[in-house]
Amino acid sequence: AKPEMVKAFREKCNSMGMELEKDVGISKQRLVRMFEMEITPGLNKGEITVDDADILTEVQESLGLTPEEAEKVFENIVDKRAKVTIGQIKGEILRGREENCAEGIKKIASLAQFTNGDLGLEVEESTAYKILNLYEAIDFSDEEKDDVEANIEVLKTALGLVPVEA
(Lines give C-alpha, C1' and ligand atoms only; values in the text may rest on other atoms or scores of the structure.)
Protein backbone atom coordinates (compact mmCIF):
# COMPACT_ATOMS: atom_id res chain seq x y z
CA ALA A 1 0.00 0.00 0.00
CA LYS A 2 1.12 3.53 -0.70
CA PRO A 3 1.50 6.10 2.12
CA GLU A 4 -1.31 8.25 0.72
CA MET A 5 -3.61 5.20 0.63
CA VAL A 6 -2.77 4.42 4.27
CA LYS A 7 -3.54 8.03 5.17
CA ALA A 8 -6.86 8.00 3.27
CA PHE A 9 -7.90 4.73 4.95
CA ARG A 10 -6.90 6.00 8.39
CA GLU A 11 -8.76 9.29 7.91
CA LYS A 12 -11.87 7.52 6.58
CA CYS A 13 -12.02 5.22 9.59
CA ASN A 14 -11.46 8.16 11.95
CA SER A 15 -14.19 10.22 10.27
CA MET A 16 -16.59 7.31 10.86
CA GLY A 17 -15.54 7.21 14.52
CA MET A 18 -13.93 3.80 14.16
CA GLU A 19 -10.84 2.76 16.10
CA LEU A 20 -8.49 0.80 13.86
CA GLU A 21 -7.47 -1.78 16.45
CA LYS A 22 -10.72 -2.21 18.39
CA ASP A 23 -13.37 -1.69 15.70
CA VAL A 24 -11.57 -2.66 12.48
CA GLY A 25 -9.47 -5.43 14.03
CA ILE A 26 -6.07 -4.30 12.76
CA SER A 27 -3.22 -5.78 14.81
CA LYS A 28 -0.83 -3.57 16.77
CA GLN A 29 2.02 -4.80 14.54
CA ARG A 30 0.12 -3.71 11.43
CA LEU A 31 -0.69 -0.32 13.01
CA VAL A 32 3.03 0.18 13.68
CA ARG A 33 3.76 -0.67 10.04
CA MET A 34 1.10 1.82 8.89
CA PHE A 35 2.75 4.49 11.07
CA GLU A 36 6.12 3.72 9.46
CA MET A 37 4.64 3.81 5.96
CA GLU A 38 3.01 7.16 6.50
CA ILE A 39 5.87 8.87 8.36
CA THR A 40 8.98 7.66 6.49
CA PRO A 41 8.37 9.55 3.18
CA GLY A 42 7.82 12.84 5.04
CA LEU A 43 11.00 12.31 7.01
CA ASN A 44 12.96 11.45 3.85
CA LYS A 45 11.68 14.56 2.04
CA GLY A 46 12.46 16.81 5.01
CA GLU A 47 8.76 17.61 5.56
CA ILE A 48 8.94 16.32 9.13
CA THR A 49 11.36 18.36 11.22
CA VAL A 50 11.96 18.97 14.91
CA ASP A 51 10.08 22.27 14.54
CA ASP A 52 7.24 20.77 12.50
CA ALA A 53 6.48 17.32 13.86
CA ASP A 54 2.72 17.74 14.46
CA ILE A 55 2.05 15.04 11.87
CA LEU A 56 3.68 12.48 14.20
CA THR A 57 1.13 13.16 16.93
CA GLU A 58 -1.73 13.27 14.45
CA VAL A 59 -0.86 9.89 12.91
CA GLN A 60 -0.03 8.32 16.28
CA GLU A 61 -3.36 9.36 17.79
CA SER A 62 -5.44 8.46 14.79
CA LEU A 63 -3.87 4.98 14.57
CA GLY A 64 -4.50 4.48 18.29
CA LEU A 65 -0.83 4.03 19.19
CA THR A 66 0.47 5.26 22.54
CA PRO A 67 2.96 8.14 22.44
CA GLU A 68 5.62 5.71 23.69
CA GLU A 69 4.92 3.21 20.89
CA ALA A 70 5.03 5.95 18.26
CA GLU A 71 8.23 7.41 19.72
CA LYS A 72 9.96 4.02 19.66
CA VAL A 73 8.93 3.39 16.04
CA PHE A 74 9.98 6.92 15.03
CA GLU A 75 13.39 6.50 16.70
CA ASN A 76 13.86 3.24 14.76
CA ILE A 77 13.01 5.01 11.48
CA VAL A 78 15.47 7.83 12.31
CA ASP A 79 18.21 5.34 13.26
CA LYS A 80 17.73 3.30 10.07
CA ARG A 81 17.75 6.39 7.84
CA ALA A 82 20.88 7.72 9.60
CA LYS A 83 22.78 4.44 9.25
CA VAL A 84 21.93 4.12 5.54
CA THR A 85 22.86 7.77 4.92
CA ILE A 86 26.16 7.61 6.81
CA GLY A 87 27.04 4.50 4.80
CA GLN A 88 26.44 6.39 1.57
CA ILE A 89 28.53 9.35 2.79
CA LYS A 90 31.43 7.10 3.82
CA GLY A 91 31.27 5.41 0.40
CA GLU A 92 31.45 8.72 -1.43
CA ILE A 93 34.38 9.90 0.73
CA LEU A 94 36.24 6.60 0.12
CA ARG A 95 35.82 7.11 -3.62
CA GLY A 96 37.04 10.71 -3.36
CA ARG A 97 33.65 12.12 -4.30
CA GLU A 98 33.15 14.58 -1.46
CA GLU A 99 31.06 16.82 -3.73
CA ASN A 100 28.30 14.17 -3.56
CA CYS A 101 28.08 14.30 0.25
CA ALA A 102 26.32 17.61 0.98
CA GLU A 103 22.71 16.37 0.86
CA GLY A 104 23.52 13.29 2.93
CA ILE A 105 25.35 15.32 5.55
CA LYS A 106 22.42 17.76 5.75
CA LYS A 107 20.11 14.77 6.22
CA ILE A 108 22.28 13.41 9.07
CA ALA A 109 22.21 16.84 10.75
CA SER A 110 18.44 17.00 10.34
CA LEU A 111 17.94 13.48 11.75
CA ALA A 112 20.34 14.22 14.61
CA GLN A 113 18.08 17.11 15.69
CA PHE A 114 15.44 14.54 16.77
CA THR A 115 17.86 12.67 19.06
CA ASN A 116 20.14 15.48 20.31
CA GLY A 117 22.81 13.92 18.14
CA ASP A 118 22.51 10.41 19.57
CA LEU A 119 22.17 8.31 16.40
CA GLY A 120 24.45 5.47 17.46
CA LEU A 121 26.62 5.90 14.35
CA GLU A 122 30.08 4.41 14.10
CA VAL A 123 32.43 6.81 12.33
CA GLU A 124 36.24 6.88 12.46
CA GLU A 125 37.54 10.13 13.87
CA SER A 126 39.33 11.20 10.67
CA THR A 127 36.18 10.54 8.62
CA ALA A 128 34.06 12.37 11.21
CA TYR A 129 36.25 15.48 10.94
CA LYS A 130 36.13 15.26 7.14
CA ILE A 131 32.30 15.10 7.24
CA LEU A 132 32.15 18.03 9.67
CA ASN A 133 34.50 20.09 7.46
CA LEU A 134 32.36 19.28 4.40
CA TYR A 135 29.25 20.43 6.29
CA GLU A 136 30.91 23.67 7.35
CA ALA A 137 31.92 24.30 3.71
CA ILE A 138 28.31 24.13 2.46
CA ASP A 139 26.79 27.47 1.43
CA PHE A 140 24.13 28.23 4.04
CA SER A 141 23.62 31.88 3.09
CA ASP A 142 19.87 31.28 2.75
CA GLU A 143 19.51 29.66 6.20
CA GLU A 144 19.39 31.02 9.74
CA LYS A 145 22.84 31.23 11.35
CA ASP A 146 21.46 29.79 14.63
CA ASP A 147 20.01 26.77 12.81
CA VAL A 148 23.33 26.08 11.07
CA GLU A 149 25.21 26.37 14.37
CA ALA A 150 22.70 24.06 16.10
CA ASN A 151 23.16 21.54 13.26
CA ILE A 152 26.94 21.71 13.66
CA GLU A 153 26.60 20.89 17.37
CA VAL A 154 24.30 17.86 16.88
CA LEU A 155 26.44 16.73 13.94
CA LYS A 156 29.54 16.73 16.18
CA THR A 157 27.65 14.50 18.64
CA ALA A 158 26.24 12.24 15.90
CA LEU A 159 29.72 11.75 14.45
CA GLY A 160 31.19 10.89 17.85
CA LEU A 161 33.36 14.02 18.10
CA VAL A 162 31.49 15.18 21.23
CA PRO A 163 30.07 12.81 23.89
CA VAL A 164 26.30 12.29 23.95
CA GLU A 165 24.69 14.37 26.70
CA ALA A 166 22.43 12.39 29.01
[X] vs [Y] side-chain heavy atoms within contact, under 4.5 Å:
X: T127; Y: I89; value: no
X: V78; Y: E75; value: no
X: E11; Y: S62; value: no
X: V164; Y: N116; value: no
X: Q88; Y: K107; value: no
X: K72; Y: E68; value: no
X: I108; Y: L121; value: yes
X: T115; Y: L111; value: no

* Sequence neighbours excluded, which residues qualify as side-chain contact (heavy atoms from CB on, under 4.5 Å) partners of A128? ->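 Testing A128 for side-chain contact (heavy atoms from CB on, under 4.5 Å), a comparison that skips the adjacent residues, returns V123, L159, L161.
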
* Asked: side-chain contact (heavy atoms from CB on, under 4.5 Å) with D23: which residues, sequence neighbours excluded?
  ->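 For D23 the side-chain contact (heavy atoms from CB on, under 4.5 Å) partners, ignoring immediate neighbours, are M18, E19.
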
Could you see if [X] belongs to whatever hydrophobic cluster contains [Y]? Use Ile, Leu, Val, Met, Phe, Trp, Tyr and a side-chain cutoff under 4.5 Å.
X: L119; Y: Y129; result: yes
X: V154; Y: V162; result: no
X: L134; Y: L94; result: no
X: M5; Y: M16; result: no
X: I131; Y: V84; result: no

By side chain to side chain donor-acceptor pair (under 3.5 Å) - contacts of [X] (at least two apart):
X: K145; value: E149
X: E69; value: K28, T66
X: T157; value: none
X: R95; value: none

Measuring from atom [atom1] of [X] to atom [atom2] of [Y], what distance do you get when rounded to the nearest 0.5 angstrom?
X: T57; Y: D54; atom1: OG1; atom2: CG; value: 6.5 Å
X: L20; Y: S27; atom1: CG; atom2: OG; value: 11.0 Å
X: I55; Y: I39; atom1: CD1; atom2: CD1; value: 5.5 Å
X: R10; Y: E38; atom1: CZ; atom2: CD; value: 4.0 Å
X: K106; Y: E143; atom1: NZ; atom2: CD; value: 6.0 Å

* To do: Quick one: which residue pairs count as a salt bridge (Lys or Arg N to Asp or Glu O under 4.0 Å) with a foot in residues 113-140, not counting sequence neighbours?
  =>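 Salt bridge (Lys or Arg N to Asp or Glu O under 4.0 Å) check on residues 113-140 returns no pairs.
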
Under 3.5 Å, side-chain donor or acceptor atoms of residues 41-52 against the rest of the protein: list the pairs with distances, not counting sequence neighbours.
from: N44; atom 1: OD1; to: R81; atom 2: NE; distance (Å): 2.8
from: T49; atom 1: OG1; to: D51; atom 2: N; distance (Å): 3.4
from: T49; atom 1: OG1; to: D52; atom 2: N; distance (Å): 3.0

* **Pair listing, ring pair (Phe, Tyr, Trp, His ring centres under 6.0 Å) test, anchored in residues 101-126, at least two apart** =>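 Residue pairs with at least one partner in residues 101-126: F74-F114.
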
* Pairs in or reaching into residues 5-36: which pass ring pair (Phe, Tyr, Trp, His ring centres under 6.0 Å), with residues at least two apart or in two chains? ->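 Non-adjacent pairs meeting ring pair (Phe, Tyr, Trp, His ring centres under 6.0 Å): zero.
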
Compile the donor-acceptor pairs under 3.5 Å between side chains in residues 96-103 and protein atoms, sequence neighbours left out, one pair per line.
from: R97; atom 1: NE; to: E92; atom 2: OE1; distance (Å): 2.8
from: R97; atom 1: NH2; to: E92; atom 2: OE1; distance (Å): 3.4
from: N100; atom 1: ND2; to: E92; atom 2: OE1; distance (Å): 3.1

* Asked: ring pair (Phe, Tyr, Trp, His ring centres under 6.0 Å) with F140: which residues, sequence neighbours excluded?
  ->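 Checked F140 against ring pair (Phe, Tyr, Trp, His ring centres under 6.0 Å); matches are Y135.
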
* Asked: Between Q29 and R33, does a side chain to side chain contact (heavy atoms under 4.5 Å, CB included) hold up when you go through it step by step?
  -> CA-CA 6 Å; Q29 188 176 4; R33 185 77 191 103; over 6 Å; no

* **Ion pair E4/K7, N-O distance below 4.0 Å** =>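 Judged by the 4.0 Å cut-off on N to carboxylate O distance, E4 and K7 do not form a salt bridge.
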
* Should we count NZ of K83 as having more than 12 external heavy atoms under 6.0 Å? ->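 Above 12, so yes.
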
* Asked: Do you know the tightest heavy-atom contact between G104 and T85?
  ->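 Residues G104 and T85, closest heavy atoms: O-CG2, 3.3 Å.
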
